[in-house]
Trainee: 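Below: one structure in structure tokens.
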Amino acid sequence: MVMVMRSISSCLTLSQTPPPPLRPRASNHLSTQKQCKRNSRNYCSTRPQILSPPPLSRDALGFRVFVLSDLHTDYPENMNWVKSLSTKAYKNDLLLLAGDVAETYHNFYSTMSLLKDRFQHVFYVPGNHDLWCRSEPDGHPYYLDSLDKLNKLLDACRGLGVQTRPMVLYGLGIVPLFSWYHESFDREMDIAGIRIPSLEMVCKDFHACKWPREISNRSTSLASYFDAMNEENEDAVKLIKNTCTQIITFSHFLPRQELCPEKRMLFYPNLPKIIGSDFLEVRIRSIHGSEGNASACHVFGHTHFCWDSVLDGIRYIQAPLAYPRERKRRMNGGETWLPFCVYSGGKFADRLSPCYWSDYYAAHPRAPHVTELAPWVARFYNRA
């Protein structure tokens, strides 16, 4: 996930009005962190379990595609969750892993090995946490910067048989898309009248990722660099477009701001500045078509919200494991529904339900011009 300081717990159910807010994040300042944790306890309640689809026999299922993001297996609880996945149930299936596997190469390699042992096919795109330059145990690769680490992660994937390039399997087109965020992705009016911590204070990417001088988080250069990485796969993508009627694209970052709650709903209103890429949506539309179709699907991660909605003819899905503290508060309705089976027997699965924020926006139009804070956000800042 983009926010990388200690989480401040907060959650509401959809039965409350308005719907559940984003979990706020603490700043680097320890006193602020403690204060925020105390304040946010006032806003917590349990959310209902996401309903898992009824089990089908192997004959009825055929080829299945599961999706998952934000494993964060540097947390022992999350690594244990991966280890607990059946070694038999997914042997003929495909897993799309939409980034943020682990912060260290050691945990990344261990996690990918476990998943490859459980799924016949594993596809992966990198997330921001994957590219943090962390210290490693002896015997693991040293990396000069985050791009060097990216290359070593991709080398590890090749060695394990994890796919990072487009491919056709059983007539289904799978297209991994590299991406990074840029601030100009955010087009909503900024929230005024409250003291909002800076991006550098809240988002550890600005410190844990190391980039060559010519590219930066503070411009579109980094997002453009990652988008250009997709160009070497243009021939494969063209083949998929010409031969497949069903295509799933996937990325770590968000291609549209509508896939995140409005700023006034968020404990950190500047979140949209560090979550998405306009380059990504352009590339997705070049694959699925400007108007999309009933067989167009894009999977993403990063914000730790489960999401399932159709925008301009494309279905957008997020199915995050997220942090242990988020699952304990059932931020996304528990974990028994994960990994989410998005495709089986030649067709896409029914939508996730309940799916808090996307359910809310299916019933309520967005009002990004409104900058008055949601009541729970106003209370939070008044107390903080």
Side-chain angles (χ1 to χ4, degrees), residues 69 94 96-101 121-128 130-131 143-159 161-169 172-185 205 209-257 259 274-293 296-302 312-314 316:
S69 73
L94 182 155
L96 302 183
L97 191 50
D100 275 6
V101 174
H121 304 282
V122 177
F123 284 71
Y124 163 77
V125 291
N128 50 314
D130 299 324
L131 302 188
Y143 24 85
L144 300 173
D145 57 25
S146 293
L147 293 183
D148 186 35
K149 184 179 183 183
L150 172 61
N151 289 329
K152 288 180 169 60
L153 296 183
L154 297 179
D155 286 343
C157 287
R158 281 188 285 270
V162 172
Q163 302 296 329
T164 60
R165 294 177 178 270
M167 183 178 292
V168 178
L169 289 171
L172 176 68
I174 305 294
V175 183
L177 293 174
F178 293 91
S179 62
W180 200 266
Y181 57 83
H182 57 93
E183 288 185 43
S184 54
F185 174 78
D205 293 347
C209 291
K210 302 183 185 301
W211 307 108
R213 291 183 179 180
E214 62 270 19
I215 55 177
S216 168
N217 267 9
R218 302 316 300 253
S219 68
T220 61
S221 59
L222 195 52
S224 178
Y225 180 93
F226 273 83
D227 180 66
M229 293 178 64
N230 298 304
E231 292 177 2
E232 64 181 83
N233 297 322
E234 284 185 349
D235 289 343
V237 171
K238 185 180 296 184
L239 176 64
I240 287 173
K241 290 168 61 179
N242 290 337
T243 59
C244 299
T245 58
Q246 297 173 313
I247 301 175
I248 303 177
T249 54
F250 72 106
S251 64
H252 180 65
F253 297 101
L254 281 63
R256 299 177 64 130
Q257 192 165 353
L259 300 172
I274 43 180
I275 62 172
S277 169
D278 294 326
F279 300 103
L280 184 56
E281 177 69 0
V282 171
R283 197 163 290 277
I284 290 168
R285 293 287 159 177
S286 74
I287 296 170
H288 292 296
S290 60
E291 297 181 358
N293 60 74
C297 179
H298 183 78
V299 176
F300 64 99
H302 194 51
D312 297 328
I314 296 178
Y316 295 89

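All figures in this text were calculated on a predicted structure; none of them were measured in a lab.
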Trainee: Taking salt bridge (charged side-chain N to carboxylate O under 4.0 Å, His left out) as the definition, give me every residue that meets it alongside E234, ordered by chain and number, with sequence neighbours left out.
Mentor: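 Scan of E234 (salt bridge (charged side-chain N to carboxylate O under 4.0 Å, His left out), adjacent residues dropped) gives none.
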Trainee: Taking only residues two or more places apart in sequence or in another chain, which ones pass side-chain contact (heavy atoms from CB on, under 4.5 Å) with S184?
Mentor: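 For S184, the residues satisfying side-chain contact (heavy atoms from CB on, under 4.5 Å) (neighbours in sequence not counted) are H182, T220.
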Trainee: Test of understanding: with ring-ring contact (aromatic ring centres under 6.0 Å, His included), list the residues that count as partners of F185, not counting sequence neighbours.
Mentor: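 Partners of F185 under the ring-ring contact (aromatic ring centres under 6.0 Å, His included) test: none.
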Trainee: Return each pair, listed once, that meets salt bridge (Lys or Arg N to Asp or Glu O under 4.0 Å) where at least one residue sits in residues 237-256; pairs must be two or more places apart or across chains.
Mentor: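 Found R256-E258, R256-E281, R256-D312.
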Trainee: Whether the side chain of S146 engages the backbone of C209 through a donor-acceptor N/O pair (distance < 3.5 Å, no angle test) should be reported.
Mentor: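 Answer holds: no.
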Trainee: Test: salt bridge (Lys or Arg N to Asp or Glu O under 4.0 Å). Region: residues 244-253. Which pairs qualify, not counting sequence neighbours?
Mentor: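 Found none.
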Trainee: Under the rule for side-chain contact (heavy atoms from CB on, under 4.5 Å), what residues qualify as partners of V175, not counting sequence neighbours?
Mentor: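 If we apply the side-chain contact (heavy atoms from CB on, under 4.5 Å) test to V175, skipping adjacent residues, the hits are P166, L177, V237, I240, I247, T249, I287.
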Trainee: Could you pull out the closest heavy-atom pair between A98 and V299, with the gap in Å?
Mentor: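 Of all heavy-atom pairs spanning A98 and V299, the closest is CB-CG1, 4.4 Å.
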Trainee: Can you tell me which residue among D100, L97, L150 is in a side chain to side chain contact (heavy atoms under 4.5 Å, CB included) with P126?
Mentor: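 Among the candidates, only L150 passes.
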Trainee: Ignoring hydrogens and angles, state whether a donor on the side chain of H252 or S69 is under 3.5 Å from an acceptor on the partner side chain.
Mentor: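 No, no side-chain donor-acceptor pair sits under 3.5 Å.
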Trainee: Once ring-ring contact (aromatic ring centres under 6.0 Å, His included) is applied, do any residues pair with Y124, and if so which ones, sequence neighbours excluded?
Mentor: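 Only F108 meet the ring-ring contact (aromatic ring centres under 6.0 Å, His included) criterion with Y124.
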Trainee: Using the ring-ring contact (aromatic ring centres under 6.0 Å, His included) criterion, which residues pair with H288? Sequence neighbours excluded.
Mentor: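 Per chain and number, H288 pairs via ring-ring contact (aromatic ring centres under 6.0 Å, His included) with no residue.
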Trainee: Which residues pass the side-chain hydrogen bond (donor to acceptor under 3.5 Å, both in side chains) test with D155, not counting sequence neighbours?
Mentor: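 So D155 forms a side-chain hydrogen bond (donor to acceptor under 3.5 Å, both in side chains) with R158.
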Trainee: N217: which residues meet the side-chain contact (heavy atoms from CB on, under 4.5 Å) condition with it, sequence neighbours left out?
Mentor: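 Residues passing side-chain contact (heavy atoms from CB on, under 4.5 Å) with N217: W180, Y181, D205, F206, W211, L222.
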Trainee: Applying salt bridge (charged side-chain N to carboxylate O under 4.0 Å, His left out), name anything that partners E232, two or more places apart in sequence or on another chain.
Mentor: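 E232: salt bridge (charged side-chain N to carboxylate O under 4.0 Å, His left out) contacts with R165.
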Trainee: Check salt bridge (charged side-chain N to carboxylate O under 4.0 Å, His left out) between D148 and all other residues, then give those that pass, not counting sequence neighbours.
Mentor: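 Listed in chain order: K152.
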